[in-house]
Amino acid sequence: MNTTDTTGQRVCFLTDKPDHPLLAATAALLADRHHAHVEFTDPATIPADAPESAPDPLADVYLLKSHTPRAIRLARALERRGARVVNSAASTELCQDRVRMAETALAAGLPFPVTRTVAPLSRITAPPPSGYPFIVKSRANRRGDVVARVDDAAGLRELARTWPDELVVVQDFTPGDGWDHKLWVIAGQVFAGLRPSPLGSPDGADAPEAPRGDQPPPPPPPPGAHDLALQAGKVFGLDVYGVDVIADRSGTPLIVDINAFPGFRGGSGAPHALAALISSATMDTCERDTEFPSA
């Protein structure tokens with residue numbers, strides 16, 4: 001158990017969802033067990049043209065849960081004023097751009113789909129060299145973005161009609177077992193989850209259903225997936241993040257998405273791990289700001 005004393009320290013969550021289960025549980029732990037003062041700030045309430053006007057005095061640590069451009073501008077302004085922000089504005093922003101995400105992952109040797117084409121969907125009239133099916137994703141990684149499998153020309157036309165002006169990237173489709181392995185990481189502690197892939201099974205069938213009754217259990221993460229998740233955190237400079245992994249037909253893991261401070265839909269120990277990380281961060285800030293007399 002982490003026994004770091006954060007008595008009197010101020011912790012601020014930058015989010016528009018203070019009732020998020022992970023945040024609410026973490027805030028309760030920080031207040032009850034660590035005696036920290038916890039507050040929530042919605043970045044949308046800070047003037048977009050004056051992020052420097054964030055309330056004084058600075059908190060000891062800020063948790064950047066919101067990923068909007070305004071939230072990232074606010075986090076960057078706080079960093080300029082000397083605040084500790086987890087995750088940093090730069091790392092969070094890197095994960096919001098799927099072109100930069102792919103470039104960074106591939107340059108570091110992480111297994112990641114080759115990512116092509118940045119154009120409005122209405123201008124994409126043919127599949128990539130790999131042919132159909134292929135994957136289309138919004139360039140901007142955000143709530144409600146486009147993540148779709150395109151199986152034929154008719155599907156491409158329909159998607160373009162729905163999202164004609166959406167800037168998108170195109171990726172080859174990797175046949176797998178129909179499952180998305182969700183690996184959530186907090187300061188090096190990995191929590192695993194699983195969901196049927198929204199992109200379907202390799203043969204074009206619907207995604208598999210969660211097991212019921214005497215059905216076989218879903219597969220565990222492919223070998224090496226946990227190590228890849230930890231490596232991704234180092235490459236992207238993240239402390240709190242999620243990595244989506246699929247297994248190809250040979251069982252080899254492939255990273256398909258990286259998210260800064262995701263929803264953490266799973267892992268009963270996540271609030272305790274996040275509270276411990278925040279406690280450590282506040283103590284680091286205190287030690288950094290303390291001036292010790294010369295001997």
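- Within the 3.5 Å criterion, the main-chain N or O of Asp248 finds no donor-acceptor partner in the side chain of Thr174.
- Clustering ILVMFWY residues whenever any of their side-chain heavy atoms sit less than 4.5 angstrom apart, transitively, puts Phe173 in a cluster other than the one holding Val168.
- The two residues Gly144 and Trp163 come nearest to each other via the heavy atoms O-CH2, 3.4 Å.
- With sequence neighbours excluded, the residues satisfying salt bridge (charged side-chain N to carboxylate O under 4.0 Å, His left out) with Arg142 are Glu166.
- For the pair Pro113 and Ile135, the minimum side-chain heavy-atom distance is 4.5 Å or more.
- In this structure, Pro57 and Arg10 have side chains that are in contact, with non-hydrogen atoms separated by less than 4.5 Å.
- The cluster map of Ile, Leu, Val, Met, Phe, Trp and Tyr, joined by side-chain heavy atoms under 4.5 Å apart, puts Phe236 and Val86 in different clusters.
- Panel note: side chain Thr45, backbone Asp42; a donor-acceptor pair is recorded below 3.5 Å.
- Residues in residues 154-163 take part in these salt bridge (charged side-chain N to carboxylate O under 4.0 Å, His left out) pairs, two or more places apart or across chains: Glu158-Arg161.
- With hydrophobic clusters built from ILVMFWY side chains whose heavy atoms lie under 4.5 angstrom apart, Ile46 shares a cluster with Leu58.
- Rounding to the nearest 0.5 angstrom, the gap separating the CD1 atom in Ile72 from the OG atom in Ser88 is 10.0 Å.
- Side chain of Thr115 to main chain of Val99: no donor-acceptor pair is present (N/O by atom type, distance under 3.5 Å, no hydrogens or angles).
- Atom-to-atom distance recorded for Asp257:CG and Ile246:CD1 is 11.5 Å, nearest 0.5 angstrom.
- Taking the ring-ring contact (aromatic ring centres under 6.0 Å, His included) definition, one finds that Tyr241 meets it with nothing, sequence neighbours left out.
- In this structure, the separation between CG on Leu63 and OG1 on Thr26 is 8.0 Å, given to the nearest 0.5 Å.
- Using a 4.5 Å heavy-atom threshold, the side chains of Leu23 and Pro18 count as separate.
- Put simply, the side chain of Ser197 never gets that close to the backbone of Asp180: no donor and acceptor are under 3.5 Å apart.
- Residue pairs meeting the salt bridge (charged side-chain N to carboxylate O under 4.0 Å, His left out) criterion with at least one partner in residues 105-130, sequence neighbours excluded, are Arg116-Asp172.
- A pairwise comparison of heavy atoms in Leu121 and Ala160 identifies O-CB, 3.9 Å as the closest pair.
- With hydrogens and angles ignored, the 3.5 Å screen pairs a side-chain donor or acceptor of Lys65 with a backbone N or O of Phe261.
- Between Val61 and Ala281, the closest heavy-atom pair is CG2-CB, 3.9 Å.
- The same ILVMFWY cluster, assembled from side-chain heavy atoms under 4.5 Å apart, contains both Val243 and Leu106.
- Salt bridge Asp151/Arg149: present, at least one basic N to carboxylate O contact under 4.0 Å.
- Under the side chain to side chain contact (heavy atoms under 4.5 Å, CB included) criterion, Ala260 pairs with His67, Asn87, Thr92, Cys95, Leu238, not counting sequence neighbours.
- Note: Tyr132 and Phe134 have tilted aromatic rings, judged against thresholds of 30 and 60 degrees for the angle between ring planes.
- Note on residues 222-233: no pairs pass salt bridge (charged side-chain N to carboxylate O under 4.0 Å, His left out), not counting sequence neighbours.
- Using a 4.5 Å heavy-atom threshold, the side chains of Leu167 and Pro120 count as touching.
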- Task: Check step by step if salt bridge (Lys or Arg N to Asp or Glu O under 4.0 Å) holds for Asp244 and Lys137.
- Result: CA-CA 14 Å; Asp244 292 356; Lys137 296 181 180 180; over 6 Å; no
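- Side-chain atoms of Gln9 and His34, non-hydrogen and from C-beta on, never get closer than 4.5 Å to each other.
- Taking both residues in full, the closest heavy atoms of Leu183 and Ala229 are given as CD1-CB, 4.0 Å, listed atom of the first, atom of the second, then distance.
- We find that Arg98 and Asp145 are joined by a salt bridge, their nearest charged nitrogen and carboxylate oxygen being less than 4.0 Å apart.
- Classified by interplanar angle (parallel below 30°, tilted 30° to 60°, perpendicular above 60°), the ring pair Phe264/Trp184 is tilted.
- From Leu277, atom CG reaches atom NE2 of His272 across 14.5 Å, with rounding to the nearest 0.5 Å.
- A donor-acceptor contact shorter than 3.5 Å links the side chain of Ser279 to the backbone of Ala275.
- Closest approach of Ala148 and Leu199 over heavy atoms only: C-CD2, 3.8 Å.
- Across every non-hydrogen atom of Pro223 and Gly251, the tightest pair is CD-O, 4.0 Å.
- Interatomic distance, CG of Leu74 versus CG of Leu14, reported as 5.5 Å (0.5 Å rounding).
- Side-chain contact between Val85 and Arg76 is absent, with no heavy atoms from C-beta onward closer than 4.5 Å.
- Of the charged side-chain nitrogens involved, none lies within less than 4.0 Å of a carboxylate oxygen, so that Asp60 and Arg84 do not count as a salt-bridged pair.
- Between atom OG1 of residue Thr41 and atom OH of residue Tyr62 there is a gap of 7.0 Å, rounded to the nearest 0.5 Å.
- Gln96 contributes a side-chain N or O that, together with a main-chain N or O of Asn141, makes up a donor-acceptor pair within less than 3.5 Å.
- Hydrophobic cluster membership differs between Ile278 and Leu29, with clusters built from Ile, Leu, Val, Met, Phe, Trp and Tyr side chains linked at under 4.5 angstrom.
- At least one side-chain heavy atom of Val118 sits under 4.5 Å from a side-chain heavy atom of Val169.
- Residues Pro43 and Leu64 form no side-chain contact, since every pair of their non-hydrogen atoms from C-beta on lies 4.5 Å or further apart.
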